[in-house]
2 protein chains.
Amino acid sequence: MKQQAVDDRRLLALPALLLGGAGTLMQAIHEGVEQRGFTGVRPAHGFAFVRLAPDGASIAEVAEHLGVTKQAASQLVEELLRRGYVRVEPHPRDARAKLVTLTERGWACTRAADEAALEAVRAWAGELGVDRVEELAADLARVARPGRLRPLW
Amino acid sequence: MKQQAVDDRRLLALPALLLGGAGTLMQAIHEGVEQRGFTGVRPAHGFAFVRLAPDGASIAEVAEHLGVTKQAASQLVEELLRRGYVRVEPHPRDARAKLVTLTERGWACTRAADEAALEAVRAWAGELGVDRVEELAADLARVARPGRLRPLW
DNA sequence: CAGAATCGACAGTTTCCTTGACTATTTTAG
DNA sequence: CTAAAATAGTCAAGGAAACTGTCGATTCTG
């Protein structure tokens, strides 16, 4: 039990660091995307792009992915449509649904986000070394169950 | 340049994992705190507790810590007051200001959050080993400059 | 094929944060 | 030492982004 207490103290630092690191990273990505000329894009949009990227998705699928209601997803998609990041077509297999896919501008924004993220992580690799960063990623991959990629809580 | 491209691919996984891991952790903490009987406590409250914990803080200091306006911080403090997590007294050195400090209930909630976080991280330690988790924390500590601990965006 | 489930939209509401204007106090400059 | 500027906090109004509830249209299920 005493050993347990010691371990606890060693473990207690991680949550704050993880939350802080994620916040820092998100901020860096957000700023990087803006600097590359994609203004008015919120992180929630970026998380939506992840789901839309491969082959598009329905609004309900976007909602499920973000962990919000269909109404919220619908609004978000409409905003992305207005800004030219996505196109919305009738779904080929379901007349009730709409198929939302990225436009070229949407893809460009996605690439910009990747670049911005990479820029931040490259700085870390310079500090820790590429191998250490890769280990970090491997460790996280084992513990971070990729549930919903929610913007927030 | 080619090596650079290879490294990039190896690094590109980290951002999503870090964001996902942080989200998972936040969710776990939030649920753990609720299960321990502290209902209606949002993560933003938890971040405020961090600032209040040592010796209390003024409303403006809470605002600065959270990265929101004084008005928002004022409202948040009032809510914490209603729920019994903090007490508000006149500031001993500045008649304009209020000194906000945690009540015993506030401290209990803080401990509950620590326990919930620990519970999650202990599960990781079981998966990776304590030493590996500690390395993880050490790496993160070197790269994650603890800016504002915002709930954010 | 009839009932249940699902897709998305409309309307109204809530929550949380913002800007702007204001008073009271403290700090700074002349 | 006082007049001006800065700061602490509040009130009021408004907006962004989510929510619930309801609905018509379509698809799935038994």
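Lettering of chains follows the sequences in order, A, B, ..., and the numbering in each one begins at 1. Model, not experiment: these values are computed from the prediction.
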Trainee: Taking CD from B:E78 and P from C:dC17, how many angstroms apart are they, rounded to a whole number?
Mentor: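 Distance, rounded to whole Å: 14 Å.
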
Trainee: For A:F49, enumerate each residue passing the ring pair (Phe, Tyr, Trp, His ring centres under 6.0 Å) test, keeping only those at least two apart in sequence or located in another chain.
Mentor: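 Ring pair (Phe, Tyr, Trp, His ring centres under 6.0 Å) check on A:F49 returns A:Y85.
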
Trainee: How long is the line joining CZ of A:F47 and C1' of D:dA17, in whole Å?
Mentor: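 Answer to the nearest Å: 16 Å.
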
Trainee: Answer yes or no: is there a donor N or O on one side and an acceptor on the other, between the side chain of A:R87 and the main chain of A:L81, under 3.5 Å?
Mentor: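 No, because the side chain of A:R87 does not come within donor-acceptor range (under 3.5 Å) of the backbone of A:L81.
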
Trainee: Over all strands shown, is B:A72 touching base, sugar-phosphate only, or nothing at heavy-atom distances under 4.0 angstrom?
Mentor: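 Base: the residue B:A72, judged by heavy atoms under 4.0 Å, touches a nucleobase.
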
Trainee: Can A:R36 and A:R111 be said to form a side-chain contact (heavy atoms from CB on, under 4.5 Å), step by step?
Mentor: CA-CA 10 Å; A:R36 287 168 174 77; A:R111 287 192 296 270; over 6 Å; no

Trainee: Please determine whether any donor N or O and acceptor N or O are separated by less than 3.5 Å between the side chain of A:Q75 and the base of C:dG8.
Mentor: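 Looking at the base of C:dG8, it does not pair with any donor or acceptor on the side chain of A:Q75 (distance under 3.5 Å).
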
Trainee: Between C1' on C:dC7 and CD on A:E64, what's the gap in Å once rounded to a whole number?
Mentor: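 Distance, rounded to whole Å: 14 Å.
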
Trainee: Can you tell me if A:E61 uses its side chain to pair, donor with acceptor, with the backbone of A:S58 under 3.5 Å?
Mentor: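 Yes: the side chain of A:E61 pairs with the backbone of A:S58.
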
Trainee: When you get a sec, tell me which of C:dG8, D:dT27, D:dA18 is the closest nucleotide to the side chain of A:R42?
Mentor: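 Comparing C:dG8, D:dT27, D:dA18 against the side chain of A:R42, the answer is D:dA18.
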
Trainee: Using OP1 and OP2 only, check whether a side-chain N or O of A:S58 sits under 4.0 Å from C:dC7.
Mentor: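 The answer is no; no side-chain N or O of A:S58 sits under 4.0 Å from OP1 or OP2.
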
Trainee: Tell me which nucleotide among D:dT27, D:dA8, D:dC19 gets nearest to the side chain of A:A95.
Mentor: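 The listed nucleotide nearest to A:A95's side chain is D:dT27.
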
Trainee: Do we see a donor-acceptor contact under 3.5 Å between the side chains of B:Q75 and B:Q71?
Mentor: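 Side-chain D/A pair, B:Q75 to B:Q71: absent.
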
Trainee: Measure from CD on B:E79 to P on C:dT14 and round the result to the nearest Å.
Mentor: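 Computing the B:E79:CD to C:dT14:P distance gives 16 Å.
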
Trainee: Does the side chain of B:V143 come within less than 4.5 Å of A:L128's, by heavy atoms?
Mentor: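 Yes, side chains in contact.
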
Trainee: Hey, what bend do you get for the helix from C:dC1-D:dG30 to C:dG30-D:dC1 if you fit axes on five pairs at each end, rounded to 10°?
Mentor: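 Result, rounded to 10 degrees: 30°.
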
Trainee: Report the distance from atom CG of B:L81 to atom C1' of D:dT10, rounded to the nearest whole Å.
Mentor: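 From B:L81 CG to D:dT10 C1': 15 Å.
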
Trainee: Find the distance A:R93:CZ to D:dT27:P and express it as a whole number of Å.
Mentor: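 In whole Å, D:dT27 P and A:R93 CZ are 12 Å from each other.
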
Trainee: Is any side-chain N or O of A:K70 under 3.5 Å from a base N or O of C:dG8, one able to act as donor and the other as acceptor?
Mentor: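 Indeed, a donor on one side and an acceptor on the other fall under 3.5 Å apart.
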
Trainee: From B:L140 CG over to A:L140 CG, what is the distance, rounded to the nearest 0.5 angstrom?
Mentor: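 B:L140 CG to A:L140 CG: 7.0 Å, rounded to 0.5 Å.
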
Trainee: Any base atoms under 4.0 Å from B:T69, or only sugar-phosphate, or nothing? Heavy atoms, all strands.
Mentor: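 If one applies the 4.0 Å heavy-atom cut-off, B:T69 turns out to touch a base.
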
Trainee: With nearest nucleotide decided by heavy atoms, which residue, A:Q71 or A:A97, maps closer to the 5′ end of DNA chain C?
Mentor: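 Closer to the 5' end of DNA chain C: A:A97.
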
Trainee: Starting at atom NZ of A:K98, determine the distance to atom P of D:dT27, rounded to an integer number of angstrom.
Mentor: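 Roughly 15 Å, once rounded to whole Å.
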
Trainee: For B:A57, does its backbone N or O pair with a side-chain atom of B:H65 as donor and acceptor, under 3.5 Å?
Mentor: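 Here the side-chain-to-backbone pair does not exist.
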
Trainee: Among C:dT26, C:dG8, D:dT27, which nucleotide has an atom closest to any side-chain atom of B:D94?
Mentor: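 Minimum distance to the B:D94 side chain belongs to C:dT26.
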
Trainee: To the nearest angstrom, how far is A:L80 atom CG from C:dG8 atom P?
Mentor: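 Roughly 15 Å, once rounded to whole Å.
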
Trainee: Heavy atoms from C-beta onward define the side chain here; which of C:dG8, D:dA25, D:dT20 lies closest to that of A:R96?
Mentor: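 Of C:dG8, D:dA25, D:dT20, D:dA25 is nearest to the side chain of A:R96.
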
